[in-house]
Each structure stands twice: as structure tokens, then as C-alpha cells.
Amino acid sequence: MEAHDEVSKGEYKIGSGQDCMGFVIEDEDVVSMSMTAVTFLLEKYAIDPKQIGRLDVGTETIIDKSKSIKTFLMRIFEEHGNTDIEGVDSHNSSYGGTAALFNCVNWVESSSWDGRYGLVVCTDSAVYAKGPARATGGAAAIAMLVGPDAPIAIESKIRASHMSHVYDIYKPILDSEDPMVDDEISQTCYLTALDSCYKGLCNKYEKLEDGQFSVDDAAYFVFHSPYNKLVQKSFGRLLYNDFLRNASYIDESAKQILTPFESSTAEESYQSCDLDEASQQVAKPFYDEKVEPTTLIPKQVGNMYTASLYAAFASLLHNKHDTLAGQRVIMFSYGGGSTATMFSLNLNEGQHPFNLSNIASVMNVAEKLEKRYEYTTEEFDIFVGLYEARREFGIKNDYWCEMPGNLLPIGAYYHIEENIEEEEEKE
Ligand code: ACO
């Protein structure tokens, strides 16, 4: 892509830290990917579709301004006689998936809970207009089952949010999925929200527990990952916060490196390349241990918007499932606008089939990445043209699985389009 876009060598791969990007081909969209993820999840854990009582979807890929993606997914459940399923879609940039997850978890914890499972789907197809951001796009659907006694438990009391009104990344042109991005503001907004959430989470932890919270108190940190470089910067930022709070694990050599930035104002600190470099240098050994295992899928697939944070978590399960029981994992969810929450997970081994090793084996991350098809940048541009044409005409899709001869895995869904204008003309 660097050669095709005539940018300097290394600008995408080193500059943004990304290895590859993923995108949907002409037979796929956010609904087909979600139908595949939900169907595979139900089949692989032998869950009767009647056992689902709530389904929440997080997305920012709008394929219909009224009809939710959740309603498309109902076909899977209607076929089994289950229409009694609460929940619709949550929208706000990349944060919708976390809003959907919290809605679902709250239902299971509430007096409305009827004893059945909740399901959460995070799905997006992230396509940027031509320019530096295009190489950071991606596409995915992730399905998560929510219920009591889970191997991955949310520590509800240890979480903090930062919500504010900013125009960092937004989609004001209603017939286009291309986001408008203010490069500099968008990075600063992300880091401001990160600082604010981290301070809030530390304060809440310290009110509940005896002692200070620092990076030392969690085994892993998982970030919303628009591009890997921002994840590296973000983790460095947490170390800088810990330095300012005198965390005990910050040793003398780290202090020497960070002391010149001790009295920087917040604004200066966001603008300073020297501080960015210094904090990443101090963070490097901790990053390798606590963040690197979470980066596989986001670096291979690109920004998946709502699915991005959960794909990073899936990378951690894939890489470390054998040693995760008993560990705390901190998650940072960010969406433009802006909306952010940092929350804590506690992991335990769990009971079959919901034990961590089986979850990793069912996800089968390595094979899924391996079996992808490779396209040229020119071919990618053609697919982007197709997505644009669809929006212009208006599409009513029908979804099927197992089309003979297509590129998708057995059992994966694909769509057949019905052009609404052509249909109306025929009538
Ligand atoms: N070799 C190595 N590194 C390079 C090269 C090269 N040839 N060229 C550039 N770089 C480095 C730069 O030095 C810079 O490094 P730094 O960040 O450590 O200073 C980095 O690549 C980025 O280069 P820039 O010129 O600063 O940025 P650019 O204008 O290319 O845009 C960006 C990059 C911001 C990632 C763009 O892709 C973008 O706008 N993305 C979408 C917005 C986004 O994802 N925002 C994140 C938060 S918002 C959200 O998640 C909802």
C-alpha cells in the first residue's frame, strides 16, 4: 500500500505499527459477519438458541438508519421459535461495543433477568477515505456470551469513564461511511480520556482496597487499537502517570528519564514528542510483558472500531490462556465524540466448555488469520467502490450460508443484494 499510495517507505508499517489490514469482500457485510459469529458461537458451545434472552449489538457501521443489526440477527432465533429477546444496537463510534456489553451484563445482574444467557455482538467494517488513515482500516464481528459464574468476570466497582463533547472523529455526511478525522485532536482526545479514566480508576480502587493502584497491579492492559503506534503511546502514558503519582515500581533510572517532564502542563505533555519517546522507552519492558500479547489481531486486521478492543482481548486469550487464571486485566475502551471507559476483568479457569483453554481453541485465531485471502491494493480500491455504490442505491439484503464456490469458510453467511431502486422500477 505504501508503494501504491506513493508515501515514504515505512510510513504505514512502522509509522502506524500495523502489519496488515482486513476488509470485507463483495458477499459480506457487518450483518453476514455477525450472523456467522453468532451461529458459530451457538454451535461450538452447543447452546440452544432458545437459551438466549438478550442480544445487544455495538456498531458504528450503519447499513440502515432505522432497522437495527440486532433485528437481522433475529432470523437465527426465530427459526427456533424464540422471539423473546430484549436489546437493540448501541451506537457511538468505537465505544458502542462496550455500551452493548455493559447493557447485557447489567441485564444479567438485574431483577429483569430471566435466567437465560445474554449475547453481545461487536461488528464494524472500518473504511477510511484515501489518505494516511486508509491503511489502518479493518473489519470484524465478535460475539460474546454473557452469564453468571463466567471465567471472565467484570469487576464492576473498579471502572471509570470520561465522556465529553469534541469533534475528533465523526461522520457528519449521512450517506457516507468515511469518517472525518482531525488527526492531531483525535490522538490528544484519546490520550486525555485515557489519563482521565486511569486517574478515576486508581481513585476508585484506592477507596476500596488498601494501597495505591499502579500498572504493577494488573497482569495485562488491553487498549482500543485504531493503530498499534497509539497503543504503544498509550501504555507509555500510563507509566508517565505512575511516575507523577510516585508509584513504587518506577525505579531510579526511569525517574531520571522522566524528571525533565515532571512539571509539564497537561497540554504541553500531549504535544511533547520528547516525553512520548521518553515514556515509551521507560515502558518498553513492561509493554513487552503486559501489552504485546494483546496486539496480534489488531496488528493483523486493523481498526475494527467496536470490535477492536475485544479482538485485542481475544489475542490475549489466544496467546496466554494457560496462565490467565487468577489474573487481573485492565481494558480501555474509546470512541470518538468522545466516550471512554477503563474497566477491570478478573479471570478464572472456568468450567468446560467455558474454560479459558477451550475458549482459545474454539476461537482458533491462528487458523482464521492464516486462511485469509490476499488482495492487491487495486482490488481493495474496487471493493471500496462497491461499498460506496451500495449506499447510493439503497440495498435490501438477504442472508444465506454455504454458497457453493464462494471464498468464505463452510457455514459462514453471505448476502444477496436487492437493489431497492431497481425493484421499485420493476413494480
Ligand atoms: N518510517 C517510519 N515512521 C514514519 C514514516 C516512515 N517512512 N513516516 C511517518 N512516520 C511516523 C511519524 O514519525 C509519526 O510517528 P510518531 O507518531 O511517533 O510521531 C507516525 O508515523 C505518524 O505519522 P504522522 O505524519 O504524524 O501522521 P499521519 O498524518 O500519517 O496520520 C494517523 C496517521 C493519525 C494514524 C492517521 O492514520 C489517522 O488519522 N487515523 C485515523 C484516526 C484515528 O485512528 N485516531 C485514533 C483515535 S480515535 C478512535 O480510535 C475512535
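Both ligands and their constituent atoms are indexed starting at 1 by order of listing. Note that the structure is a prediction, hence the values are computed from the model and not measured.
- Of all protein heavy atoms, the one closest to atom 5 (C) of ligand 1 is Glu11 CA, 3.5 Å.
- Here the closest non-hydrogen pair linking Asn303 and His224 is OD1-CE1, 3.7 Å.
- Checked by distance only, ligand 1 and His224 come closer than 3.5 Å through their nitrogen or oxygen atoms.
- With a heavy-atom cut-off of 4.0 Å, Lys229 touches ligand 1 through its side chain alone.
- The salt bridge (Lys or Arg N to Asp or Glu O under 4.0 Å) pairs that include a residue from residues 238-259 are Glu206-Arg245, Asp242-Arg245, Glu252-Lys255, where partners are two or more places apart or lie in different chains.
- The N/O atoms of Lys9, backbone and side chain alike, include one that comes under 3.5 Å of an N/O atom in ligand 1.
- With sequence neighbours left out, the side-chain hydrogen bond (donor to acceptor under 3.5 Å, both in side chains) criterion links Arg159 to no other residue.
- The protein heavy-atom contact nearest to atom 17 (O) of ligand 1 is Lys233 NZ, 2.8 Å.
- The single protein non-hydrogen atom nearest to atom 33 (C) of ligand 1 is Pro132 CB, 4.5 Å, given as residue, atom name and distance.
- Contacts with ligand 1 closer than 4.0 Å are made by no heavy atom of Tyr305, backbone or side chain.
- For ligand 1, the atoms closer than 4.0 angstrom to any heavy atom of Ser186 are 42 (C), 43 (C), 45 (N), 46 (C), 47 (C), 48 (S).
- When only non-hydrogen protein atoms are considered, atom 20 (C) of ligand 1 lies nearest to Gly15 O, 3.5 Å.
- Among all non-hydrogen protein atoms, the one lying nearest atom 42 (C) of ligand 1 is Val181 CG1, 3.4 Å.
- Aromatic ring pairs are classed by plane angle as parallel below 30°, tilted from 30° to 60° and perpendicular above 60°; the pair Phe354 and Tyr117 is perpendicular.
- Only the side chain of Leu230 comes within 4.0 Å of ligand 1, counting heavy atoms alone; its backbone N, CA, C and O stay farther away.
- The nearest protein atom to atom 44 (O) of ligand 1, hydrogens excluded, is given as Pro226 CB, 3.3 Å; this is a heavy-atom distance.
- For ligand 1, the atoms closer than 4.0 angstrom to any heavy atom of Ile14 are 2 (C).
- Atom 13 (O) of ligand 1 is never approached by the protein to below 4.0 angstrom, counting heavy atoms only.
- Atom 38 (C) of ligand 1 has its nearest heavy-atom neighbour, among Gly336, Ser8, Ala133, Gly337, in Ala133.
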